[in-house]
Structures are given as structure tokens and as C-alpha cells.
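Everything on this sheet refers to the single structure shown next.
Just so you know, residue 1 is the first one in the sequence shown, and it goes up from there.
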Amino acid sequence: MAQSIITLLALKELDPGNVILARSVFQWAMNHMWDERGFFYYRVLRFFTIRIPYMRWAQAWMLLAMSTLLCESDLPVRSPETPDSAALVEAC
């Protein structure tokens, strides 16, 4: 999932629809691979899901994909905990 988001955003100049597709891939990942305990599952297979929270193979890549998607987004980011979170988006 994460690699597809990263690749779609890297090749957005070839097809402007890649950003919309990357957002839909991210939404699918949130619906099917996100655990309420705060991590992404490793893999969703046809008959079962590997629910191990591997740091290297799932969490790190999804963090990179989410940050890349955030940098490509034109939506302002606001967080109630951090009033200056818009500065994080400007850094991208």
C-alpha cells in the first residue's frame, strides 16, 4: 500500500489523476489495514490478514507515504494540540 502511494505521487506529472488515486489508496489502507491500537497491519491477503506491526515493513513505509501525501496535499493542516502545525506543511 505505502509503495503505491509513494509511486503514484512521484509520477503525478505523467497523470494528474495520480494524486486522487493515491488518496483513495490511502483511504483503503485506513479502512482495511489500520488497527485501532495505533499501527498498520503488515499484509492483507485473500483469506487472512497478517496483523503483526512490523516497524520496518509496515509502519515506516506508511509514515513515509502519509508524509508524502501530506506534502502533496493543498489542504491546510491544523491540530488542536499544536497551533503552529501549518509550519510543518510549509516545510514540505
Side-chain angles (χ1 to χ4, degrees):
M1 283 300 118
Q3 185 61 54
S4 63
I5 294 169
I6 296 166
T7 302
L8 285 167
L9 294 173
L11 300 175
K12 69 180 179 183
E13 288 81 23
L14 297 177
D15 184 3
N18 282 356
V19 176
I20 296 169
L21 185 56
R23 287 182 184 153
S24 67
V25 170
F26 173 69
Q27 190 59 49
W28 187 92
M30 289 300 296
N31 292 337
H32 294 92
M33 298 185 78
W34 177 251
D35 191 283
E36 292 300 321
R37 294 175 286 177
F39 60 88
F40 286 95
Y41 300 142
Y42 173 60
R43 289 184 72 183
V44 175
L45 301 171
R46 185 174 181 177
F47 295 112
F48 64 95
T49 300
I50 302 173
R51 300 177 192 272
I52 301 171
Y54 290 119
M55 180 57 72
R56 180 177 179 182
W57 302 115
Q59 312 318 307
W61 282 103
M62 279 306 290
L63 177 62
L64 178 61
M66 290 189 304
S67 64
T68 306
L69 187 60
L70 180 63
C71 286
E72 296 299 327
S73 176
D74 52 357
L75 300 173
V77 175
R78 298 280 183 223
S79 172
E81 300 86 31
T82 311
D84 295 331
S85 61
L88 295 174
V89 176
E90 292 173 12
C92 297

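Under the salt bridge (Lys or Arg N to Asp or Glu O under 4.0 Å) criterion, Arg37 pairs with Asp35, sequence neighbours left out.
Considering all non-hydrogen atoms of both residues, Ala2 and Ala65 come closest at O-CB, 3.7 Å.
Here the CZ atom belonging to Phe39 is positioned 8.5 Å from the CZ atom belonging to Arg51, to the nearest 0.5 angstrom. For the atom pair Leu63 CG and Ser67 OG, the distance stands at 5.5 Å (nearest 0.5 Å). For the atom pair NE2 (His32) and CD (Gln27), the distance works out to 10.0 Å, reported to the nearest 0.5 Å.
The other residues sharing a hydrophobic cluster with Met33 are Met1, Ile5, Leu8, Leu9, Val19, Leu21, Val25, Phe26, Trp28, Met30, Trp34, Phe40, Val44, Met62, Met66, Leu69, where clustering joins ILVMFWY side chains under 4.5 Å apart.
For CG of Leu64, the number of neighbouring non-hydrogen atoms (other residues, nucleotides, ligands) closer than 6.0 Å is greater than 12.
Note on Ile52: it clusters hydrophobically with Leu45, by side-chain heavy-atom contacts below 4.5 Å among ILVMFWY residues.
Counting heavy atoms from C-beta on, the side chains of Ile6 and Trp61 come closer than 4.5 Å.
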